[in-house]
Number of protein chains: 2
Amino acid sequence: MGEDRHGQTAIVFTSARTADDEEGYSRAARAMEALAAEQPGFRGMESARGADGIGITVSYWANEESAVAWRAHADHRAIREQGRERWYDWYRVTVARVERGYSWTGG
Amino acid sequence: MGEDRHGQTAIVFTSARTADDEEGYSRAARAMEALAAEQPGFRGMESARGADGIGITVSYWANEESAVAWRAHADHRAIREQGRERWYDWYRVTVARVERGYSWTGG
């Protein structure tokens, strides 16, 4: 939690789920998270999705190159196509460079 | 959805809710969202919280100065104290500068 993410590339993926295929979606989401974690330059991921179907996943990468390489990964591309066909009403992606961060943990 | 956020400051707020005071928390969260939206330089906000209590809110600001001013806002400070006392087990904040983005909407 206290990682220094300065200089990392953060990818914010915001999406709205369709009502379809929760099982297939969950399986794919878990597989993609595991695959991302194996990629060079992966530095972390956090995710939340509410009952309204809106979800936000933020992944952190050592640098721009590793983030771009993940985007181009063949399995990631293939799952994105399924995502557009079945799982998402819309999504947006924001790429940002981390400047600083801080954290708090209750006592 | 197709906003150009290049150069904006993104604040990623990731948090774990306690099980306490859902009503008070929801009320405060709505009030803070409305107050943020009135601040100079506010450019948008998106939020998701799952059943596990983990939430991510990303707010976007015209520049570093407006993001810092929001952090220092008296009402925001006061609510943060309540958050640490009652609503959060932990949280972390990541400040990043947006480089690019894209979006997709289903047909």
Side-chain angles (χ1 to χ4, degrees), chain A residues 1-18 20 43-61 63-64 67-68 71 80-81 83-107, chain B residues 1-18 20 43-61 63-64 67-68 71 80-81 83-107:
Chain A
M1 262 189 279
E3 308 99 322
D4 181 6
R5 298 203 178 282
H6 177 75
Q8 291 183 11
T9 294
I11 311 290
V12 180
F13 178 79
T14 306
S15 62
R17 277 277 288 127
T18 61
D20 297 343
R43 290 293 180 267
M45 183 179 281
E46 50 201 17
S47 223
R49 184 174 305 278
D52 61 358
I54 305 293
I56 302 176
T57 295
V58 187
S59 62
Y60 297 93
W61 300 87
N63 49 43
E64 176 82 20
V68 168
R71 186 182 175 189
R80 271 204 303 276
E81 296 207 2
R84 287 191 289 256
E85 280 171 25
R86 296 189 211 174
W87 299 320
Y88 296 122
D89 282 328
W90 55 260
Y91 62 74
R92 51 181 178 264
V93 178
T94 304
V95 181
R97 179 169 301 256
V98 176
E99 300 193 334
R100 60 184 187 279
Y102 51 93
S103 65
W104 172 85
T105 303
Chain B
M1 263 189 278
E3 308 100 322
D4 182 6
R5 298 203 178 282
H6 178 75
Q8 290 183 11
T9 294
I11 310 290
V12 180
F13 178 78
T14 305
S15 63
R17 279 277 287 125
T18 61
D20 297 343
R43 291 293 180 267
M45 184 179 281
E46 49 200 18
S47 224
R49 185 174 304 280
D52 60 359
I54 303 293
I56 301 176
T57 295
V58 187
S59 62
Y60 297 94
W61 299 88
N63 48 44
E64 176 83 21
V68 168
R71 186 182 176 190
R80 271 205 301 275
E81 297 208 1
R84 287 190 289 255
E85 279 170 26
R86 295 189 212 173
W87 299 320
Y88 297 122
D89 282 328
W90 55 260
Y91 63 74
R92 51 180 179 262
V93 178
T94 303
V95 181
R97 178 169 300 255
V98 177
E99 300 194 333
R100 63 183 186 278
Y102 51 93
S103 65
W104 171 86
T105 303

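We name chains A, B, ... by the order of the sequence lines, and we start the count at 1 in each one.
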Given that the side chain runs from C-beta out, which part of Glu64(A) has a heavy atom under 4.5 Å from chain B: side chain, backbone, both or neither?
-> side chain
Is it the backbone or the side chain of Val98(B) that comes under 4.5 Å from a heavy atom of chain A, or both, or neither?
-> both
Which region of Gln8(B), side chain (C-beta onward) or backbone (N, CA, C, O), has a non-hydrogen atom less than 4.5 Å from a non-hydrogen atom of chain A, or is it both or neither?
-> neither
Name the member of Ala10(B), Gly101(B), Ser15(B), Ala48(B) that forms the most heavy-atom pairs with chain A at distances under 4.5 Å.
-> Ala48(B)
Quick one: does Arg5(A)'s side chain have a donor or acceptor within less than 3.5 Å of a partner on Ala96(B)'s backbone?
-> no
Correct closest heavy-atom pair for Thr94(B) and Tyr60(A) would be OG1-OH, 3.7 Å
Answer yes if the side chains of Thr9(B) and Arg43(B) hold a donor-acceptor pair under 3.5 Å, and no otherwise.
-> no
Under a 4.5 Å heavy-atom cut-off, does chain A meet the side chain of Thr14(B), its backbone, both or neither?
-> side chain
Of all the heavy-atom pairs spanning Val12(B) and Glu46(A), show the shortest one and how long it is.
-> CG1-OE2, 3.9 Å
Using the six-membered ring wherever Trp is involved, compare the ring planes of Tyr88(B) and Phe13(B) and label them parallel, tilted or perpendicular (cut-offs 30° and 60°).
-> perpendicular
Applying a strict 4.5 Å limit to non-hydrogen atoms, the region of Thr18(B) in contact with chain A is neither
Does the side chain of Arg49(B) come under 3.5 Å of the side chain of Thr57(B) through a donor N or O and an acceptor N or O?
-> no
Part of Ser47(A) lying under 4.5 Å from any heavy atom of chain B = backbone
